[in-house]
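Both counts, for ligands and for their atoms, begin at 1 and track the order of listing.
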Amino acid sequence: MTIEDNLREVRDRIANAALRAGRKPEDVTLVAVSKTKPVEAVLAALAAGQTVFGENRVQEAETKFPALRAAHRFSLHLIGGLQTNKAREAVRIGDVIETLDRPRLADAIAAAMDKEGRRPSLLIEVNTGAEAQKSGVPRDDADAFIADCKARFGAGLKGLMCIPPHDEDPRPHFTWLADRAARHGLGVVSMGMSADYEIAIECGATLVRVGTAIFGGRG
Ligand SMILES: *Cc1c(COP(=O)(O)O)cnc(C)c1O
């Protein structure tokens, strides 16, 4: 299976999951997660019509994506936990930062936006499973943090993102996130990966982040 074949299958599955849920396929955007994969893999996906990509590490994204901008149109989502000292690079190269999760990072991103004159869209990551090793604002703090970020970033704050715990049914996490986004009038809900993106779509995902099913395993 080539990257092109994989993309076709994932897109079909997305469309079918959306239709099963009574939703429009075009309301779900596929973020192709190319972390650890070479730029050739990104080029293959671009050739197959993929235009939205996700990377975990700012440093890795910097080595692959900025050079592609001259010849290709795409949008780059930064989906990994972000250190404040990487905020400036993230703002410089990202189109969407999906992992805003604490006030100090909001400060750093706001300062970086002023310095760079560039305003990537923002999603707030929620640690729905309260996992110590994961980034994300705790559920209990989410409402207040969302309100703060709305006041600060206005329409630049687009939505919410989560990564449910590996060993749990993701549905309650997905449902909680979609409901929380709706309550705050936020249109973007980023959830679902290779193992569970169809379930996420049933639960209301508007962005699914899929790596392995497109690019193969990461070894
Ligand atoms: C790696 C990663 C993905 C993609 O995971 P796959 O299981 O390979 O589809 C999605 N979201 C985040 C935040 C990731 O780090």
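Residue I79 has at least one heavy-atom neighbour below 4.0 Å for each of these atoms of ligand 1: 11 (N), 12 (C), 13 (C), 14 (C). Distances below 4.0 Å separate heavy atoms of R209 from the following atoms of ligand 1: 4 (C), 9 (O), 10 (C), 11 (N), 12 (C), 13 (C). Atoms of ligand 1 found under 4.0 Å from any heavy atom of I163 (numbered from 1 in listed order, with element): 13 (C). Of all the atoms in ligand 1, the ones that sit under 4.0 Å from a non-hydrogen atom of V210 are 9 (O). Listed by number with element, the atoms of ligand 1 under 4.0 angstrom from any heavy atom of R218 are 1 (C), 5 (O), 6 (P), 8 (O). For ligand 1 and N56, the ligand atoms under 4.0 Å from any heavy atom of the residue are 14 (C), 15 (O).
Only one option out of L122, L123, V188 pairs with E98 in a side chain to side chain contact (heavy atoms under 4.5 Å, CB included); it is L123.
Here R57 does not pair with E60 in a salt bridge; the nearest charged N to carboxylate O distance is not below 4.0 Å. A salt bridge does not link D95 to R119: none of the charged side-chain nitrogens sits closer than 4.0 Å to a carboxylate oxygen. Using a 4.0 Å cut-off between charged nitrogen and carboxylate oxygen, D143 and R180 count as a salt-bridge pair.
By the neighbour-count criterion of 12 heavy atoms within 6.0 Å, atom CD of Q59 is sparsely surrounded, having that number or fewer from other residues, nucleotides or ligands. In this structure, D140 places its CG atom where only 12 or fewer heavy-atom neighbours from other residues, nucleotides or ligands lie under 6.0 Å away.
Within the 4.0 Å heavy-atom criterion, both parts of T212, backbone and side chain, lie near ligand 1.
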Please evaluate residues Y197 and V28 with respect to the criterion side chain to side chain contact (heavy atoms under 4.5 Å, CB included), reporting the C-alpha separation (whole Å), side-chain torsions for both, the decisive distance (0.1 Å), and the verdict.
CA-CA 10 Å; Y197 64 93; V28 181; over 6 Å; no
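The closest approach between any non-hydrogen atom of E98 and ligand 1 is not below 4.0 Å.
A donor-acceptor pair is defined here as one N or O able to donate and one able to accept, closer than 3.5 Å; such a pair exists between the side chain of N16 and the backbone of D12.
Protein heavy atom at the shortest distance from atom 1 (C) of ligand 1 is K35 NZ, 1.4 Å. Regarding atom 9 (O) of ligand 1, its nearest protein heavy-atom neighbour is S194 OG, 2.5 Å. The nearest protein atom to atom 10 (C) of ligand 1, hydrogens excluded, is given as M193 SD, 3.2 Å; this is a heavy-atom distance.
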